[in-house]
Amino acid sequence: MKNKKKIILIGAGGHAVSSIDVIEKENKYKIYGLVDKNKNKFFNKYKIIGTDKDLSKIKKIYNNALITIGQIKELFLREKIFKRLKALKFNLPIICSPLAYVSKSAKVGEGTIIMHKAVINAKSKIGENCIINTGAIVEHDVIIGDNCHISTGAILNGGVNIGSNSFIGSGAVVRQNIKIGKASFVNAKKFIDKNLRERSKIL
Ligand code: JB2
């Protein structure tokens with residue numbers, strides 16, 4: 001594809017590895033470099049172009065950014081960075097693997113990445129700055145708040161509601177119509193069949 005738009009990535013760790021693969025496969029954006037806390041020179045074949053302190057300088061050159069940090073350890077880090085990027089007026093595009101299925105009647109917010117083989121079914125609404133990781137299933141009429149991470153192979157059945165800043169671990173299954181409160185953490189492989197209040201931890 002000619003004239004690909006340039007994008008920078010925030011965070012150069014494990015989640016960046018798989019996000020880069022999605023961006024390269026989608027082939028809409030050219031990755032110009034990464035911004036990380038650590039001042040390494042390279043992350044695989046891409047340059048580390050600075051730290052968060054350099055973001056306002058970087059914005060003068062590149063308009064598009066994606067946060068490529070998962071949020072397994074800290075439920076609010078992605079939100080903090082997202083607010084910073086918005087304040088600096090970065091454009092935060094939706095990144096969507098061509099290997100994912102996203103229903104035409106689903107809505108997806110800015111800065112969200114839909115990774116390979118994820119399914120977003122009819123009438124679902126996904127907030128901004130989310131990760132719908134590889135092979136996750138988001139069934140019909142699901143609502144996911146902002147800054148959530150739905151991990152690899154997790155299943156959210158029809159009508160589930162996930163509060164903002166929540167993390168749903170790999171292979172977890174949430175029964176239909178269940179509501180999970182904001183900033184909750186559900187460990188891998190859990191089966192959730194009761195509503196959870198805010199800041200629940202299912203370990
Ligand atoms: O405030 C920050 C910041 N905090 C950590 N600003 C910036 N620009 N970068 C930050 N980082 C950087 O994010 C760290 O220096 C590190 O390079 C990266 C996080 O890498 P890590 O591999 O620890 O986490 P991850 O969230 O990218 O990946 C985990 O979660 C994914 C969902 C891994 O376990 C992956 O295997 C998993 N797929």
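Note that ligands are numbered from 1 as they come in the structure, with each ligand's atoms numbered from 1 the same way. All values below come from the heavy atoms of this structure, side chains included, with hydrogens, waters and symmetry mates left out. Just so you know, residue 1 is the first one in the sequence shown, and it goes up from there.
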Quiz item: Mind checking whether Val35 has an N or O less than 3.5 Å away from an N or O of ligand 1?
Solution: yes

Exercise. Check whether any heavy atom of Leu77 sits under 4.0 Å from an atom of ligand 1.
Key: yes

Quiz item: In the protein, what heavy atom is nearest to atom 36 (O) of ligand 1, and what distance, to one decimal place, separates them?
Solution: Gly14 CA, 4.4 Å

Quiz item: In terms of residue, atom name and distance, what is the protein heavy atom nearest to atom 31 (C) of ligand 1?
Solution: His15 CB, 3.9 Å

Self-check item: Greater than 12 external heavy atoms within 6.0 Å of Tyr46's OH
Solution: yes

Quiz prompt | atom 26 (O) of ligand 1: the protein heavy-atom neighbour that sits closest, reported with distance to 0.1 Å | solution = Gly70 N, 2.7 Å

Exercise. Indicate yes or no: does an N/O atom of Asp52 lie under 3.5 Å from an N/O atom of ligand 1?
Key: yes

Quiz item: Considering only heavy atoms, which of Ile69, Leu9, Ile131, Asn133 lies nearest to atom 11 (N) of ligand 1?
Solution: Ile69

Quiz item: Can you find a side-chain donor-acceptor pair between Asn129 and Glu79 that sits under 3.5 Å?
Solution: no

Quiz item: For atom 30 (O) of ligand 1, which protein heavy atom lies nearest, and how many Å away is it?
Solution: Ile72 CD1, 3.5 Å

Quiz item: If you count the atoms of ligand 1 from 1 in the order shown, which ones are under 4.0 Å from a heavy atom of Lys73?
Solution: 23 (O)

Quiz item: Cut-off 3.5 Å, side chains only: do Thr152 and Thr134 have a donor facing an acceptor?
Solution: no

Quiz item: Just by distance, with hydrogens left out, do Asn91 and Asn64 show a side-chain donor and acceptor under 3.5 Å apart?
Solution: yes

Exercise. Output the list of atoms in ligand 1 that are nearer than 4.0 Å to some heavy atom of Ile10, sorted by atom number.
Key: 8 (N)

Exercise. Run through Ile94, Ile20, Ile23 and flag the one making a side-chain contact (heavy atoms from CB on, under 4.5 Å) with Leu66.
Key: Ile23

Self-check item: Protein contact to atom 5 (C) of ligand 1 [nearest heavy atom, distance to 0.1 Å]
Solution: Lys37 CE, 3.8 Å

Exercise. Using modelled atom types only, decide if a donor and an acceptor are shared between the side chain of Arg78 and the backbone of Ile69 within a distance under 3.5 Å.
Key: yes

Quiz item: Of Leu156, Ile137, Val119, Val138, which meets side-chain contact (heavy atoms from CB on, under 4.5 Å) against Ile132?
Solution: Val138

Practice problem: Considering non-hydrogen atoms only, spot the tightest contact between Ala65 and Pro93 and give its length. | Solution: O-CD, 3.5 Å

Practice problem: Would you kindly say whether Asn121 and Glu139 are connected by a side-chain donor-acceptor distance under 3.5 Å? | Solution: yes

Self-check item: Any Ala12 heavy atom less than 4.0 Å to ligand 1
Solution: yes

Exercise. Assess Lys80 for proximity to ligand 1: is some non-hydrogen atom of it under 4.0 Å away?
Key: no

Practice problem: Identify which of Gly11, Ser170, Gly13 has a heavy atom lying nearest to atom 19 (C) of ligand 1. | Solution: Gly13

Quiz prompt | Verify atom 15 (O) of ligand 1: protein non-hydrogen atom under 4.0 angstrom away | solution = yes

Quiz item: Taking only heavy atoms of His149, which atoms of ligand 1 are found under 4.0 Å from at least one of them?
Solution: 32 (C)

Quiz item: Charged N to carboxylate O below 4.0 Å: is that the case for Glu24 and Lys45?
Solution: yes

Practice problem: Report yes if Asp36 has an N/O atom closer than 3.5 Å to an N/O atom of ligand 1; otherwise report no. | Solution: yes

Exercise. Take the angle between the ring planes of His149 and Phe167 and call it parallel below 30°, perpendicular above 60°, tilted in between.
Key: perpendicular

